[in-house]
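First the structure, which I've put down as structure tokens, then a few questions once you've had a look.
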Amino acid sequence: MLEKVILPSNVEKAGKLFDNAEKIVIVTHVSPDGDAIGSSLGLLHFLETQGKNVHVVVPNAFPDFLRWMPGAKDIVRYDRYTDFANQLIAEADLICCLDFNVLSRIDAVARPVEAAGCKKLMVDHHLYPGDFCDVIISHPQISSTSELVFRLICRLGYFEDITLEGAQCIYTGMMTDTGGFTYNSNDRQIYFIISELISKGIDKDEIYRKVFNTYSEGRLRLMGYVLYEKMQVYPQFRSALICLTKAEQSKFHYVKGDTEGFVNIPLQMKGVCFSAFLREDTEKPMVKVSLRSVGAFPCNQVAAEFFNGGGHLNASGGEFYGTMDEAIEVFKRALIHYEEKLLKN
Ligand code: 5GP
Ligand code: MN
């Protein structure tokens with residue numbers, strides 16, 4: 001049996017929002033990951049069984065290894081189909097904000113969403129939810145938004161209406177936000193939910209292969225290159241850093257998603273509990289920062305204090321507006337600032 005995580009009053013309010021809406025738009029964060037796409041499509045498949053007219057709008061591209069997901073080909077990219085997306089948002093009866101806590105996380109989509117007069121529902125697991133939705137279902141202790149979508153559907157009494165396609169999407173989000181159930185995944189209810197999803201017919205081993213074992217040659221060679229040539233280890237700080245310039249990205253024919261997960265690799269080293277990956281962005285003049293930690297070390301504090309970002313205790317990120325060299329200097333300063341916590345961890 002699932003414990004009741006979502007407040008009964010919020011389940012009721014979300015149910016009313018769904019009941020009263022015909023046209024529903026689901027939005028999720030910039031550079032959507034498996035949980036962003038998984039939770040959005042998981043909710044879409046459910047709402048479609050209820051006869052709703054549903055669209056998922058994302059700010060920009062999502063990685064190739066998520067393209068197989070049922071419904072992914074109909075996702076509307078805001079950066080490509082801006083007018084169409086604006087129209088969908090303006091005409092929506094309900095906007096569901098999934099896997100993000102503040103409007104700045106949806107970049108240019110924030111403006112039309114903020115301007116829309118319709119009701120808004122947040123389903124998310126990031127700390128400090130902003131105040132831009134009518135109903136806020138925010139549970140940072142839950143390891144994925146996809147799990148929250150599953151819980152919400154069940155609490156509304158519609159477990160039977162979860163289709164195979166919906167179950168595949170929900171499972172993908174739960175799997176990717178826990179690194180294939182290797183972190184944030186000690187809650188035994190996760191495995192109860194997986195069992196329920198398997199009852200819908202999902203092939204979890206196949207989903208794992210589709211997401212994690214579909215690397216391009218370029219990605220694998222890039223991985224080899226960054227580990228051999230670029231990884232800096234700071235044993236005195238129990239930390240490691242990998243950075244990647246624009247020139248290096250073009251040398252390895254980088255496409256979005258190719259560096260996904262690189263930040264986790266240095267944590268496989270004994271003694272390393274904090275890892276950073278810095279990548280010169282190809283779209284904006286900034287360095288994209290990804291941070292990961294193990295144990296109690298709060299990499300989200302580092303993201304907030306040094307890199308205009310935030311996130312979870314063990315997985316966070318941000319943006320640095322400056323050169324790569326400056327970003328590296330800031331990272332080193334952060335190590336010194338956090339030395340005590342790093343060594344205590
Ligand atoms: P990733 O390293 O996979 O890009 O991001 C990991 C987590 O860090 C995300 O799930 C999100 O919570 C957080 N995060 C990443 N980039 C940003 C950012 O620019 N700003 C904020 N506030 N959080 C971010
Ligand atoms: Mn998530």
Side-chain angles (χ1 to χ4, degrees), residues 26-43 58-63 65-66 96-107 110 122-130 137-151 169-181 183-185 190 211 241-244 256-267 274-279 281 283-284 286-293 298-321 327 331:
I26 298 168
V27 294
T28 192
H29 62 77
V30 69
S31 299
D33 57 7
D35 188 33
I37 300 294
S39 57
S40 297
L41 291 177
L43 184 62
V58 299
N60 61 348
F62 57 90
F65 59 77
L66 299 175
C96 301
C97 298
L98 263 55
D99 202 37
F100 67 95
N101 56 348
V102 285
L103 280 171
S104 59
R105 292 282 291 144
I106 55 172
D107 271 8
M122 179 195 293
V123 183
D124 181 45
H125 69 141
H126 293 90
L127 290 166
Y128 316 123
I137 297 178
S138 168
H139 295 275
Q141 84 279 20
I142 296 296
S143 60
S144 66
T145 299
S146 298
E147 178 180 333
L148 285 171
V149 165
F150 179 88
R151 286 175 177 276
C169 296
I170 289 169
Y171 182 78
T172 303
M174 291 175 64
M175 181 188 79
T176 52
D177 255 22
T178 55
F181 306 103
Y183 49 81
N184 290 339
S185 55
I190 290 174
V211 172
L241 168 70
I242 298 173
C243 54
L244 197 65
K256 213 168 188 111
D258 272 357
T259 55
E260 191 89 18
F262 281 12
V263 64
N264 294 302
I265 303 174
L267 296 175
F274 178 45
S275 169
F277 179 71
L278 307 179
R279 185 180 61 78
D281 198 77
E283 290 163 18
K284 286 195 267 177
M286 56 116 170
V287 175
K288 182 67 206 168
V289 180
S290 279
L291 304 175
R292 296 291 186 275
S293 65
C299 70
N300 53 353
Q301 277 182 27
V302 181
E305 265 179 62
F306 291 88
F307 295 111
N308 310 300
H312 312 278
L313 183 79
N314 295 131
S316 63
E319 299 178 344
F320 181 81
Y321 290 87
F331 175 73

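Each ligand, and each atom within it, is numbered from 1 in the order the structure gives.
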Protein residues that have a heavy atom under 4.0 Å from any atom of ligand 1, sorted by chain and number: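 Within 4.0 Å of ligand 1, protein side: Arg105, His126, Lys288, Ser290, Arg292, Gly309, Gly310, Gly311, His312, Ala315, Ser316, Gly317, Gly318, Glu319.
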
Asn101 and His125: side chain donor to acceptor below 3.5 Å: no

task: Heavy atoms only: give me the nearest Leu127-Gly311 pair and the separation to one decimal.
output: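 Reported closest heavy-atom pair: CD1-O, 4.2 Å.
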
Asp177 versus Ser144, side-chain donor and acceptor atoms under 3.5 Å: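 No, Asp177 and Ser144 have no side-chain donor paired with an acceptor closer than 3.5 Å.
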
message: Tell me every residue that passes side-chain hydrogen bond (donor to acceptor under 3.5 Å, both in side chains) with Ser293, counting only those two or more places apart in sequence or in another chain.
response: Asn314

message: When you measure from the side chain of Ser146 to the backbone of Ser39, do you find a donor-acceptor pair of N or O atoms at a distance under 3.5 Å?
response: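 A pair under 3.5 Å: yes.
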
- request: Could you walk me through whether Arg279 and Asp281 pass the salt bridge (charged side-chain N to carboxylate O under 4.0 Å, His left out) test, one step at a time?
  value: CA-CA 6 Å; Arg279 185 180 61 78; Asp281 198 77; 3.5 Å; yes

query: Residues two or more places apart in sequence or in another chain: which of them pass side-chain hydrogen bond (donor to acceptor under 3.5 Å, both in side chains) with Asp124?
result: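 Here the qualifying residues are His126.
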
query: With a 4.5 Å heavy-atom cut-off, do Leu244 and Thr259 have their side chains touching?
result: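 Yes, close enough: below the 4.5 Å cut-off.
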
field: Under-2.8 Å protein N/O/S neighbours of the Mn ion (ligand 2), ordered by chain then residue number
entry: Asp35 OD2, Asp99 OD1, His125 NE2, Asp177 OD2

message: Met175 vs Phe181, test: side-chain contact (heavy atoms from CB on, under 4.5 Å). Steps then yes/no.
response: CA-CA 6 Å; Met175 181 188 79; Phe181 306 103; 3.8 Å; yes

